[in-house]
Amino acid sequence: MSTIPALTNWHPVTWQSRAATQQPKYGDPKALERAVASLSRLPPLVVSWEIEALTAKLAQAQRGEQFLLQGGDCAESFEDCESNNIARRLKILLQMSLVLLQGLRKPIIRVGRFAGQYAKPRSADTETRDGVTLPCYRGDNVNRPGFTLLERAPDPELLLRGYERASLTLNFVRALIDGGFADLHHPEYWDLGFLRHAPLRDAYQKIVDSIAESMDFFESMSGQRVHAATRVDFYTSHEGLHLLSEQAQTRYIERQKRWYNLSTHMPWIGMRTADIDGAHVEYFRGIANPVGVKVGASMSAEWLQQLIQVLNPQNQPGRLTFIHRFGIKDIEQRLPGMIRAVRATGSQVLWVCDPMHGNTETTSGGVKTRRFDNILGEVEAAFRIHEAEGSMLGGVHIELTGEDVTECIGGARGLTESDLVRAYKSQVDPRLNAEQALELAMLIARRAASGHRPGKSPRNSA
Ligand code: PEP
Ligand code: CO
């Protein structure tokens with residue numbers, strides 16, 4: 001590990017002297033204080049050596065040696081903290097990673113948007129329905145989606161309920177992984193119960209079979225078992241939005257001589273809270289975790305350069321991931337300038353494409369949706385533009401669920417606007433269902449396999 005000079009003018013609370021946007025307004029400050037104090041005493045959900053291991057992998061991804069798959073719900077809900085839901089979501093992420101591994105021919109770093117993705121930024125503080133105005137829903141860590149004053153009033157106790165659910169989720173994920181859920185020696189675990197679209201099922205089965213065959217071949221030739229295939233690493237991430245709760249789970253690790261956010265491996269700064277002088281950037285600058293920043297069309301090249309300056313002044317490998325989410329309409333125009341601006345700093349970042357948040361639209365019927373074609377189109381454009389700029393796309397960031405929802409339009413089964421009513425469950429952004437998510441991974445993998453040039457490294461990978 002490189003030696004990083006200690007930050008002298010930073011502490012987990014220094015963000016409090018900055019403007020903190022997107023924070024709930026609690027009615028009872030004493031109750032809030034009590035909840036934050038309880039949270040500060042609870043054991044961490046993750047540990048610093050896992051975080052350091054992830055940073056090292058992200059550094060490899062910056063060099064083009066690994067690829068990041070980050071995915072999960074837009075917002076987890078307390079309601080959905082149950083075994084089937086967690087297992088299905090884990091499974092689709094594993095299946096996508098297998099497909100990407102085969103197509104990209106490099107290890108996939110798996111990072112879930114789960115075990116703590118409970119706080120949401122919103123475009124307005126309030127919501128009005130039929131003349132009644134209430135606080136907006138800000139995620140299950142803050143309030144409830146139901147449209148009553150009781151449900152919408154921010155409740156500090158929910159921070160503790162959220163911590164508990166994050167811990168239950170992570171415990172189950174760790175147990176599934178340790179118990180062989182992801183063991184490639186058992187392709188039957190990799191079945192596609194949900195997949196109704198036959199051509200997709202066949203193509204996927206071919207990938208699983210070919211990986212199993214290569215493994216058998218290797219194992220019979222070498223007389224050794226491929227241990228790496230029995231266990232995979234899984235990391236967690238969430239938007240580091242609710243600063244009091246992030247602060248409460250920030251701990252000083254004596255051995256590392258640094259502060260870590262131990263509620264998750266890889267927190268990210270959302271686009272709405274990435275102000276250079278704002279509280280979020282101040283908080284994130286002092287934690288040792290690898291951090292992501294969402295980069296949208298409203299951000300300037302100078303802003304990006306300042307973020308690098310503040311968040312990664314030592315140019316530490318693996319530390320900073322820029323997750324661009326321009327949308328199909330803006331990516332061609334905006335991404336090249338951003339890549340050049342980052343290169344001009346001489347600092348390394350990992351470039352990741354979030355093809356979801358720039359492609360949200362509202363149907364004539366008032367339903368928030370995203371089109372599969374736009375999502376795929378943005379990922380394809382991202383690969384192409386990075387390559388043309390001598391850079392490299394090092395990952396994708398996807399909103400998805402393991403369930404058979406109908407929230408996004410398109411995909412192999414051709415969901416249409418009229419299907420959206422059938423199984424639209426998200427309280428916030430529309431997610432790809434398992435079938436659409438797997439199809440996206442397969443199309444990315446196919447594209448990468450056809451354009452694959454081994455040994456080609458990005459120009460800025462010095
Ligand atoms: C999100 O990831 O759910 C989100 C709100 O993204 P962004 O900050 O990019 O809008
Ligand atoms: Co979202």
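Quick caveat, the model's predicted, so the values are computed rather than measured. In each ligand, atom 1 is the first atom listed, and ligand 1 is the first ligand listed.
Among all heavy-atom pairs drawn from Ile92 and Ala437, the shortest one is CG1-CB, 4.1 Å. For the residue pair Leu32 and Leu159, the shortest heavy atom distance occurs at CD1-CD1, 4.2 Å. Across all their heavy atoms, Leu350 and Gln62 have their closest contact at N-NE2, 3.3 Å.
When each atom of ligand 1 is checked for a heavy atom of Glu399 under 4.0 Å away, the hits are 1 (C), 2 (O), 3 (O). Of all atoms in ligand 1, listed by their number and element, those nearer than 4.0 Å to a heavy atom of Gly270 are 8 (O). Per-residue contacts place Cys74 under 4.0 angstrom from the following atoms of ligand 1 (heavy atoms of the residue considered): 3 (O). Within ligand 1, the atoms closer than 4.0 Å to a non-hydrogen atom of His357 are 1 (C), 2 (O), 3 (O), 4 (C), 6 (O), numbered from 1 in the order shown.
Residue Glu79 qualifies as open at atom CD: its count of foreign heavy atoms under 6.0 Å is 12 or below.
Between Asp354 and ligand 1, no N or O atom pair is found at a separation short of 3.5 Å. Considering backbone and side-chain atoms alike, Met271 places an N or O below 3.5 Å from some N or O of ligand 1. Distances between N or O atoms of His397 and those of ligand 1 include no value under 3.5 Å.
Between Trp351 and His324, the two ring planes are tilted [angle within 30° to 60°]. Using cut-offs of 30° and 60° for the angle between ring planes, the Trp10 and Tyr283 rings count as tilted.
In summary, of the residues considered (Asp429, Thr360, Thr362), a side-chain hydrogen bond (donor to acceptor under 3.5 Å, both in side chains) with Lys368 occurs for Asp429 alone.
Nearest to the Co ion (ligand 2), among the N, O or S atoms that His357 has, is NE2. Of all N, O or S atoms in Asp429, the one lying closest to the Co ion (ligand 2) is OD2.
Close placement of the Tyr118 and Phe78 rings is indicated, their centers lying within 6.0 Å of each other.
In terms of protein heavy-atom proximity, atom 3 (O) of ligand 1 is closest to Lys120 NZ, 2.7 Å. For atom 10 (O) of ligand 1, the closest heavy atom belonging to the protein is Arg325 NH2, 2.9 Å. Of all protein heavy atoms, the one lying nearest to atom 5 (C) of ligand 1 is Pro121 CG, 3.7 Å.
Residue nearest to atom 2 (O) of ligand 1, selected from Lys294, Met356, Glu239, His238: Lys294 (by heavy-atom distance).
Under 4.0 angstrom from ligand 1, the non-hydrogen atoms of Arg113 all belong to its side chain.
Side-chain contact, Glu282 with Thr14: a donor N or O sits under 3.5 Å from an acceptor N or O.
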* Starting from the C-alpha separation in whole Å, work towards a yes-or-no answer on salt bridge (Lys or Arg N to Asp or Glu O under 4.0 Å) for Glu387 and Arg384. => CA-CA 5 Å; Glu387 197 172 319; Arg384 182 166 34 75; over 6 Å; no
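Take the Co ion (ligand 2) as the corner point: the lines to SG of Cys74 and to OE2 of Glu399 open at 100°, to the nearest 10 degrees.
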